Amino acid sequence: PAAAAPAAAAPTTAPAPAAPAASGVPATDGPAVEVVAAEPQPEAAGPVAEPEPAEDLVSTGSIPRWLVALFIIVPVFAIAYALFLPNGPNCGDGGRLAVDPVTGLAVNCDGSEYGVEVIDFFSIGEDTYASCTSCHGASGGGSGNFPAFTEGALLATFPTGQCSSQVEWIGLGTRGWPDATYGDTEKTVGGSGAVMPSFGGVLTDIELQAVAFYERVTFGNEDFETAFTDCGLDLLEEELAELAAGG
C-alpha cells in the first residue's frame with residue numbers, strides 16, 4: 001500500500017507582539033494595570049533667587065579679613081607708641097596738661113593756672129616789631145639816620161624804670177612829642193634828621209607795650225621779668241584776666 005502522505009503542516013501564526021508598556025514599565029503577565037502619568041508641576045513664578053555670597057573669609061573660613069588686619073595693626077601701634085612716647089604724650093599733645101609738682105593740680109604747659117588764658121606778649125611784640133625793621137633793622141642795628149638799639153643804646157636812652165616813656169615816644173612820635181628832647185640822654189627831637197612816625201593810631205595799647213618790651217629784652221638785654229614789670233605788662237595781664245573772668 002502506498003505510503004501515506006505526510007500530513008500537511010498546520011499553518012502557524014506568530015503571536016502578536018506585546019504592546020509596549022506605558023511609561024517604560026515592562027509588560028508582565030497577569031491582569032492589566034492602568035498606569036496614570038503624573039501631572040506636570042507648575043513652574044515657580046519669577047526667576048529663582050541666587051544665594052547670597054558668603055562673607056569674605058580668610059582661608060580658614062571663619063575669621064573676616066578686617067579682623068585679621070586689626071589683630072596686626074593694634075600690636076604694631078602699641079609697640080610704636082611705647083618706643084616713641086615711653087612717658088606718654090607731651091604736654092600740649094591732644095590737649096594734655098602739665099601737673100604742678102607742688103599742688104598736684106593740672107596746669108597749663110607753662111605752669112600757669114589752667115583755664116586762664118595766657119597772652120604771649122613777647123610774641124606780640126616780635127610780630128609788631130616787623131613794622132620797625134625798615135628804620136631800625138631786623139637785628140636792631142639801625143638804618144641811615146635812624147638810631148640803633150644795640151650796644152646799650154636803647155637802655156641808655158630809656159633805662160630801667162622808664163619803659164613807660166619809651167612806650168609814650170613810640171605812640172606820639174617826633175611830631176607829637178611835647179618837648180624838645182626825649183629820653184634820659186635828652187636827645188634832640190628830630191635832631192638827626194630822622195622822623196619817628198606816630199604809631200599811636202596804628203598800634204593798640206597792648207602792641208605798644210609789647211613792642212617796647214620785646215625791644216628791651218631782645219636788643220637791650222634787659223632781664224625778662226624786669227622788662228615785663230617795667231612795661232606794665234604784669235598789671236595788664238591781671239586786667240585782661242579779670243575781664244575774661246567777667247570781673
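The shown structure was predicted, so the numbers you read here are calculated from the model rather than taken from an experiment. The analysis underlying the following values was restricted to heavy atoms, covering all of them including side chains, and did not include hydrogens, waters or symmetry mates.
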Colleague: Quick one: closest heavy-atom pair of N221 and T218, and the distance?
Modeller: OD1-O, 4.0 Å
Colleague: Just how far is it from atom OG1 of T157 to atom OH of Y182, taken to the nearest 0.5 Å?
Modeller: 6.0 Å
Colleague: Is L233 linked to L235 within one hydrophobic cluster, defined over Ile, Leu, Val, Met, Phe, Trp and Tyr using a side-chain heavy-atom separation of less than 4.5 Å?
Modeller: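 No, because L233 and L235 fall into different hydrophobic clusters, even though each may have its own neighbours under 4.5 Å.
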Colleague: With rounding to the nearest 0.5 angstrom, report the CD1 to OG distance, I170 to S131.
Modeller: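 Answer rounded to 0.5 Å: 11.5 Å.
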Colleague: State whether the side chain of S143 and the backbone N or O of H136 hold a donor-acceptor pair below 3.5 Å, judged by distance alone.
Modeller: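 No; judged by distance alone, with no hydrogens or angles, the pair does not exist.
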Colleague: Measuring from atom CD of E215 to atom OG1 of T128, what distance do you get when rounded to the nearest 0.5 angstrom?
Modeller: 9.5 Å
Colleague: Which atoms form the tightest heavy-atom contact between G141 and A148, and what is the distance?
Modeller: O-CB, 3.3 Å
Colleague: Checking the side chain of T133 only, and the main-chain atoms of Y129 only, is there a donor and an acceptor separated by less than 3.5 Å?
Modeller: no
Colleague: At their closest point, which heavy atom of C231 faces which heavy atom of Q209, and how far apart are they?
Modeller: O-NE2, 2.8 Å
Colleague: Ignoring hydrogens and geometry, is there a side-chain-to-backbone donor-acceptor pair from Q162 to P159 under 3.5 Å?
Modeller: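 No; judged by distance alone, with no hydrogens or angles, the pair does not exist.
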Colleague: Roughly how far apart are D127 CG and D120 CG, rounded to 0.5 Å?
Modeller: 9.0 Å
Colleague: Indicate, with yes or no, if F71 and I73 share a hydrophobic cluster defined by side-chain heavy-atom contacts under 4.5 Å among Ile, Leu, Val, Met, Phe, Trp and Tyr.
Modeller: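 No, it is not one cluster - the side chains of I73 and F71 are not joined through contacts under 4.5 Å.
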Colleague: Would you name the heavy atoms of G220 and L155 that are closest together and state the gap between them?
Modeller: O-CD1, 3.2 Å
Colleague: Would W177 and M196 count as a side-chain contact (heavy atoms from CB on, under 4.5 Å) here? Give the steps.
Modeller: CA-CA 10 Å; W177 192 254; M196 172 67 178; over 6 Å; no
Colleague: Do F146 and V195 come within less than 4.5 Å of each other through their side chains, counting heavy atoms only?
Modeller: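 No - every pair of side-chain heavy atoms lies 4.5 Å or more apart.
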Colleague: Considering residues, nucleotides and ligands other than D205, do more than 12 of their heavy atoms fall under 6.0 Å from its CG?
Modeller: no
Colleague: How close do A227 and R216 get, heavy atom to heavy atom, and via which atoms?
Modeller: CB-CB, 4.5 Å
Colleague: Measure the OG-OH distance between S123 and Y214 for me, rounded to the nearest 0.5 Å.
Modeller: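 One gets 9.5 Å once the value is rounded to the nearest 0.5 Å.
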Colleague: Once you round to the nearest 0.5 Å, how far does CD1 of I206 lie from CZ of F121?
Modeller: 6.0 Å
Colleague: Transitively linked via ILVMFWY side-chain contacts under 4.5 Å: L97 with L105?
Modeller: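 In one cluster: no.
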Colleague: Give the minimum heavy-atom separation between T160 and E222, together with the two atoms involved.
Modeller: OG1-OE2, 2.7 Å
Colleague: For the side chain of D100 and the backbone of V102, is there at least one donor-acceptor N/O pair under 3.5 Å apart?
Modeller: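 Pair found, side chain donor or acceptor close to backbone of V102.
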Colleague: Carefully, step by step, assess F213 and F224 under the rule ring-ring contact (aromatic ring centres under 6.0 Å, His included).
Modeller: CA-CA 8 Å; F213 165 61; F224 188 96; 5.0 Å; yes
